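Report on the following structure.
Keep in mind it's a predicted model, so treat the numbers as computed, not measured.
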Amino acid sequence: HPNIFACMVYSLNKKHLNIYGIDMAVKLISEFNIEMKLFVSNDKKKDLSFLKEVCRNNNVEMKKIDIYYQTEFVENILDCRFFIRPSRSDGYAVSLQESLDLGILPIASDVTSRPKGTLLFKTGDYTSLLKKVDYLLHLSNNEKDKLLKKKENLNYHKILINYYNNSII
């Protein structure tokens with residue numbers, strides 16, 4: 001996989017900074033010289049001013065971030081090396097299970113229960129996240145396969161896609 005990772009947030013609104021951890025995701029771009037696919041599930045306004053501010057504060061060029069608004073997650077992460085969910089507040093995240101089902105290791109905060117096979121970091125702790133990303137980037141394929149074998153074969157994404165396809169009128 002190329003040096004691309006995926007991240008999902010509900011909104012790019014500044015008031016959601018402490019919930020979704022976009023600041024930590026952006027810092028990873030400069031730390032590891034990688035690019036990010038950012039999935040935004042609810043911003044209809046597409047206001048990038050806050051994201052630009054976070055990038056500026058972390059010396060990250062906006063061109064290193066591809067933004068996807070309300071689009072198919074599963075189809076668009078297949079070329080990603082890993083997926084992060086740096087949320088400081090969260091519920092069960094289907095996107096983590098989807099990532100595992102696709103063979104893409106996820107990293108998530110330990111704010112709540114996560115699917116088996118997810119690499120966890122301490123909520124809100126950038127150093128903890130940094131260590132997990134560094135570990136993941138240096139994994140051999142054999143080690144990655146061992147981690148993926150820990151996951152449950154739930155295939156949530158297939159069930160959801162089927163549901164959504166059958167629900168569209």
### Query
Can you list the steps and then say if Glu35 with Ile65 is a side-chain contact (heavy atoms from CB on, under 4.5 Å)?
CA-CA 6 Å; Glu35 296 180 14; Ile65 303 173; over 6 Å; no
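- Within the 4.5 Å cutoff, the side chain of Glu31 has no heavy atoms near those of the Ile29 side chain.
- Counting only heavy atoms from C-beta outward, the side chains of Lys37 and Asp79 approach each other to under 4.5 Å.
- Put simply, the side chain of Lys144 gets close to the backbone of Gly103: a donor and an acceptor are under 3.5 Å apart.
- The cluster map of Ile, Leu, Val, Met, Phe, Trp and Tyr, joined by side-chain heavy atoms under 4.5 Å apart, puts Val111 and Val133 in different clusters.
- Under a hydrophobic clustering in which Ile, Leu, Val, Met, Phe, Trp and Tyr are joined whenever their side-chain heavy atoms come within less than 4.5 Å, directly or via other members, Leu136 and Phe121 fall into the same cluster.
- For the atom pair CG of Leu96 and NZ of Lys151, the computed distance is 13.0 Å after rounding to the nearest 0.5 Å.
- With hydrogens and angles left out, the side-chain atoms of Glu98 and Ser95 include no donor and acceptor closer than 3.5 Å.
- The minimum heavy-atom distance between Met24 and Pro86, with the atom names listed, is CE-O, 3.5 Å.
- Here Leu139 contributes atom CG and Lys146 contributes atom NZ; the two are 11.0 Å apart, rounded to the nearest 0.5 Å.
- In this structure, Leu28 and Tyr126 have side chains that are in contact, with non-hydrogen atoms separated by less than 4.5 Å.
- The distance from atom CZ of Phe32 to atom CG of Leu130, rounded to the nearest 0.5 Å, is 4.5 Å.
- The shortest heavy-atom contact between His138 and Asp134 is ND1-O, 2.7 Å.
- Contact of the Asp66 side chain with the Tyr68 side chain is registered, since non-hydrogen atoms from C-beta on lie closer than 4.5 Å.
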### Message
Before you tell me yes or no, could you show the steps for Met36 and Val26 under side-chain contact (heavy atoms from CB on, under 4.5 Å), namely the whole-Å CA-CA distance, both residues' side-chain angles and the distance that decides it to 0.1 Å?
### Response
CA-CA 8 Å; Met36 174 171 62; Val26 168; 4.2 Å; yes
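- Taking 4.5 Å as the limit, every side-chain heavy atom of Leu100 sits out of range of all side-chain heavy atoms of Phe83.
- Atoms CZ and CE, on Arg56 and Met62 in that order, are 10.0 Å from each other to the nearest 0.5 Å.
- Here the side chain of Asn58 pairs no donor or acceptor atom with the backbone of Val60 at under 3.5 angstrom.
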#### Entry: Verdict with supporting geometry, Leu105 and Thr118, side-chain contact (heavy atoms from CB on, under 4.5 Å)
CA-CA 7 Å; Leu105 284 171; Thr118 302; over 6 Å; no
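- The only member of Ile4, Leu119, Ile34 that meets side chain to side chain contact (heavy atoms under 4.5 Å, CB included) when paired with Phe82 is Ile34.
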### Message
Between Lys64 and Asn33, is the side-chain contact (heavy atoms from CB on, under 4.5 Å) condition met? List the steps.
### Response
CA-CA 9 Å; Lys64 292 225 175 206; Asn33 191 27; 2.6 Å; yes
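- Inter-residue side-chain proximity for Leu148 and Ile104 is flagged as unmet; no heavy-atom pair is nearer than 4.5 Å.
- Cluster annotation: Leu120 and Tyr135 are assigned to distinct hydrophobic clusters (Ile/Leu/Val/Met/Phe/Trp/Tyr, side-chain heavy-atom contacts under 4.5 Å, transitive).
- Side-chain atoms of Ser109 and Arg85 form no donor-acceptor pair, as typed in the model, at a separation below 3.5 Å.
- Annotation: the span from Asn57 atom CG to Lys52 atom NZ amounts to 14.0 Å, rounded to 0.5 Å.
- Contact of the Arg81 side chain with the Leu137 side chain is registered, since non-hydrogen atoms from C-beta on lie closer than 4.5 Å.
- Taking both residues in full, the closest heavy atoms of Lys116 and Lys150 are given as CB-O, 3.4 Å, listed atom of the first, atom of the second, then distance.
- The line from CD1 of Ile22 to SG of Cys55 is 8.0 Å long, rounded to the nearest 0.5 Å.
- Between Ile77 and Phe39, the closest side-chain pair of non-hydrogen atoms falls below 4.5 Å.
- Asp110 contributes a side-chain N or O that, together with a main-chain N or O of Thr123, makes up a donor-acceptor pair within less than 3.5 Å.
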